[in-house]
Amino acid sequence: MEPSLEKQIKTIKRGAIDIFPEKEFDAKLKKSVETQTPLRVKLGVDPTSPDIHLGFTVVLRKLRQFQDLGHQAVLIIGDYTAVVGDPTGKSSTREALTHKTVLQNASSYLDQVSKILDRDKLEVVYNGQWFEDMRFGEVMKLASQMTVAQMLERDDFNKRYKNHTPISLHEFFYPLMQGLDSVNIKADIELGGTDQRFNILVGRDLQSNAKMSQQAALCLPILPGLDGVQKMSKSLGNYIGVDDTPKNMYGKIMSIPDHLMRTYFELLTDYDMSEVDRWLAGEKHPKESKSILGKYIVTQYHSEEDAIREEAEFNSVFASGNKPSDMPEVAIVEAQLENGQMWIVAVLEACGFGSSGGERRRLIKQGAVKFDDVKCADDKAQITIVDGMIIQAGKKRFAKLILS
RNA sequence: GGGGAGAUACUAAAGCGGCCAAAUAGGACAGACUGUAAAUCUGUUGUCUUCGACUUCGCAGGUUCGAAUCCUGCUCUCCCCA
């Protein structure tokens with residue numbers, strides 16, 4: 001009942017930047033179709049933060065495609081690897097997390113992952129299963145399978161070493177642990193970002209040492225963040241979370257640089273790329289293409305109604321300069337006022353705008369602050385508070401005052 | 001174990017006794033221009049109820065009228081030798 005080989009290859013290779021060894025990969029797929037045997041497709045996640053963002057959905061979507069083609073998706077929750085901390089792409093050692101935090105994150109992860117994957121067909125494995133009770137002798141045996149030179153070949157380690165930035169010994173274990181995961185679940189294919197190349201290769205070596213068939217790798221590009229330069233990551237603040245509100249999701253998509261659109265379409269949607277390329281070549285106004293992208297993403301994680309509503313809202317607020325239809329309400333107690341007035345900086349603080357007095361003053365002095373559309377650039381001003389007054393700081397921040 | 005170098009704000013990096021709340025660049029934020037795009041120009045970027053005051057330059061002490069700058073101890077990192 002599995003789809004034809006050609007169809008599988010087309011679906012699977014979309015967006016894939018690196019498949020290696022490609023011959024082995026094709027052979028595995030071919031054999032799977034011929035023998036009607038699903039492949040075991042591995043994806044490892046480290047629940048280092050409680051929520052996931054679009055960058056990670058790139059690989060999740062790929063895993064889902066494998067599921068839809070009838071293969072067995074295996075999601076490894078790296079409850080132990082997360083404690084070690086993946087040094088990939090890091091320029092310094094990662095903060096250690098407690099195992100407890102990691103487990104808490106993991107459950108929230110699974111909920112979010114279910115928005116993309118078919119949870120019923122998903123095999124979920126915690127790698128603490130085999131790491132928890134490992135004896136020291138076994139650890140040494142694992143460590144002996146890789147040399148220091150091999151580790152230092154890795155680009156990020158290499159850079160850190162050359163820059164004289166510290167590398168802790170335990171960080172060398174990360175790739176080994178990830179590799180051992182592949183051995184234990186007998187992976188045929190491992191998915192990952194291109195930055196996982198090294199780790200996945202270690203898995204191949206360990207599998208080979210364990211006298212089993214080696215996994216093939218399918219690497220996907222790293223999704224750039226909203227700034228269009230650095231990779232999407234929570235710590236850089238350039239991310240869209242799958243749990244973001246429809247408003248934020250749509251708004252964030254609209255703010256990405258144009259050159260990012262093609263990548264986002266390719267990695268985050270199922271639109272036919274030849275069609276997308278025509279749009280981007282000038283068939284559609286860039287803003288329109290971006291809106292299609294935004295709506296697609298909002299629809300995927302929320303609903304079509306949300307998407308349509310946010311588009312209309314967005315156009316109303318930003319294109320026509322209207323106020324948002326709903327904005328956070330801030331309650332002001334009358335007792336806080338003097339003669340019905342309040343110091344401007346205190347008002348902003350009550351609204352939650354800015355993180356310090358200095359920053360709030362800065363906003364005021366730069367003319368970013370408006371009360372019912374009246375700009376006030378005086379940081380000493382006393383504002384007469386009126387019930388229902390709308391306060392704006394910059395283009396994006398709004399609040400409505402409720403006097404009580 | 002021995003010797004050497006270093007730790008400055010979000011990041012990189014100057015400063016090496018007063019002119020330092022600390023140059024410069026990036027980032028971030030705001031204004032203009034726009035499509036909440038890019039590019040560009042301009043400004044802001046320690047904290048604080050404003051004047052002005054207060055606390056920062058790895059941590060703890062000390063010298064001095066005065067310290068990011070000098071001294072002592074501690075912590076951490078890198079390099080070289082073993």
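Residue numbers begin at 1 in each chain, while the letters A, B, ... track the order of the sequences.
The separation between A:Leu293 atom CG and B:G35 atom C1' is 15 Å, rounded to whole Å. In this structure, the CD atom of A:Glu349 is 13 Å from the P atom of B:U47, given to the nearest Å. In this structure, A:Lys396 places its NZ atom 6 Å from P of B:A30, rounding to the nearest Å. Between A:Lys290 atom NZ and B:U34 atom P there is a gap of 17 Å when expressed in whole angstrom units. Put simply, CG on A:Leu236 is 10 Å from C1' on B:G27, counting in whole angstrom units. For the pair A:Asn163 CG and B:C78 P, the computed distance is 12 Å after rounding to whole Å. Distance A:Asp379 CG to B:C48 P: 13 Å, rounded to the nearest Å. The OH-P distance, from A:Tyr250 to B:G35, rounds to 15 Å in whole Å.
When the C1' atom is compared between B:U24 and B:U45, the two are found 15 Å apart, to the nearest whole Å. Taking atom C1' in both B:G27 and B:U34, one finds a spacing of 22 Å when rounded to whole Å. Taking atom C1' in both B:C10 and B:G46, the straight-line distance is 12 Å, to the nearest Å. Rounded to whole Å, the separation between the P atoms of B:A68 and B:C57 comes to 7 Å. For the P atoms, the distance linking B:G58 with B:A13 amounts to 14 Å, nearest Å. Across the P atoms, B:C74 and B:G4 are found 15 Å apart, a figure rounded to whole Å. B:U11 sits 23 Å from B:C16 when the C1' atoms are compared, rounded to a whole Å. Nucleotides B:C41 and B:C33, compared at atom C1', are 9 Å apart to the nearest Å.
Looking at which nucleotide of RNA chain B each of A:Ser355 and A:His164 is closest to, the 5′-most match is held by A:Ser355. Map A:Arg362 and A:Lys380 each onto its nearest nucleotide of RNA chain B; the residue landing nearer the 5' end is A:Arg362.
Ion pairing between A:Asp156 and A:Lys159 fails under the 4.0 Å rule for side-chain N and carboxylate O. Under the 4.0 Å criterion applied to side-chain N and carboxylate O atoms, A:Lys284 and A:Glu275 are not assigned as salt-bridge partners. Looking at A:Arg40 and A:Glu190, no side-chain N of the basic residue comes within less than 4.0 Å of a carboxylate O on the acidic one, giving no salt bridge.
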Practice problem: Determine, stepwise, if the pair A:Asn199 / A:Gln196 fulfils side-chain hydrogen bond (donor to acceptor under 3.5 Å, both in side chains). | Solution: CA-CA 5 Å; A:Asn199 295 349; A:Gln196 292 298 314; 3.1 Å; yes

Quiz item: For A:Gln67 and A:Asp118, what are the C-alpha separation, side-chain angles and deciding distance, and is it a side-chain hydrogen bond (donor to acceptor under 3.5 Å, both in side chains)?
Solution: CA-CA 7 Å; A:Gln67 283 191 311; A:Asp118 183 343; 5.5 Å; no

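Across B:A30, B:C79, B:U50, the shortest atom-to-atom separation from the side chain of A:Leu363 is found for B:A30. Among the nucleotides B:G35, B:A30, B:C33, the one closest to the side chain of A:Lys395 is B:C33. Listed nucleotides: B:A30, B:A37, B:U49. Nearest to the side chain of A:Arg361: B:U49.
B:U75 is paired with B:A7 under the criterion used here, namely a Watson-Crick or G-U wobble arrangement in which both key atom distances are under 3.5 Å. Searching all strands for a Watson-Crick or G-U wobble partner of B:G1 with both distances below 3.5 Å returns B:C81. Under the Watson-Crick or G-U wobble criterion, with both distances below 3.5 Å, B:A21 is left unpaired in every strand shown. With a cut-off of 3.5 Å on both pairing distances, B:G35 has no Watson-Crick or G-U wobble partner at all. Across all strands shown, the partner of B:G27 is B:U45, judged by Watson-Crick or G-U wobble contacts whose two distances both fall under 3.5 Å.
A:Leu260 comes within contact range of no nucleotide atom at all, as no heavy-atom separation falls under 4.0 Å. At a threshold of 4.0 angstrom between heavy atoms, the contacts of A:Gly251 include nucleobase atoms, whether or not backbone atoms are also involved. Counting non-hydrogen atoms under 4.0 angstrom, A:Lys252 reaches nothing in the nucleic acid. Within the 4.0 angstrom heavy-atom criterion, only backbone atoms of the sugar-phosphate kind lie near A:Arg397; the bases stay farther away. Looking at heavy-atom distances under 4.0 Å, A:Pro286 makes contact with a base.
Residues A:Thr11 and A:Gln65 have side chains that never bring a donor and an acceptor to within less than 3.5 angstrom of each other. A donor-acceptor contact closer than 3.5 angstrom is absent between the side chains of A:Glu310 and A:His302.
With hydrogens and angles left out, the side chain of A:Gln366 and the base of B:G43 share a donor-acceptor pair within 3.5 Å. Not a single donor-acceptor contact under 3.5 angstrom links the side-chain atoms of A:Asp227 to the base of B:G27.
A:Gln392 is not listed as a side-chain neighbour of A:Arg397, based on a closest heavy-atom distance of 4.5 Å or more.
Remark: A:Ser356 is not in phosphate contact with B:G46, judged by side-chain N or O atoms under 4.0 Å from OP1 or OP2.
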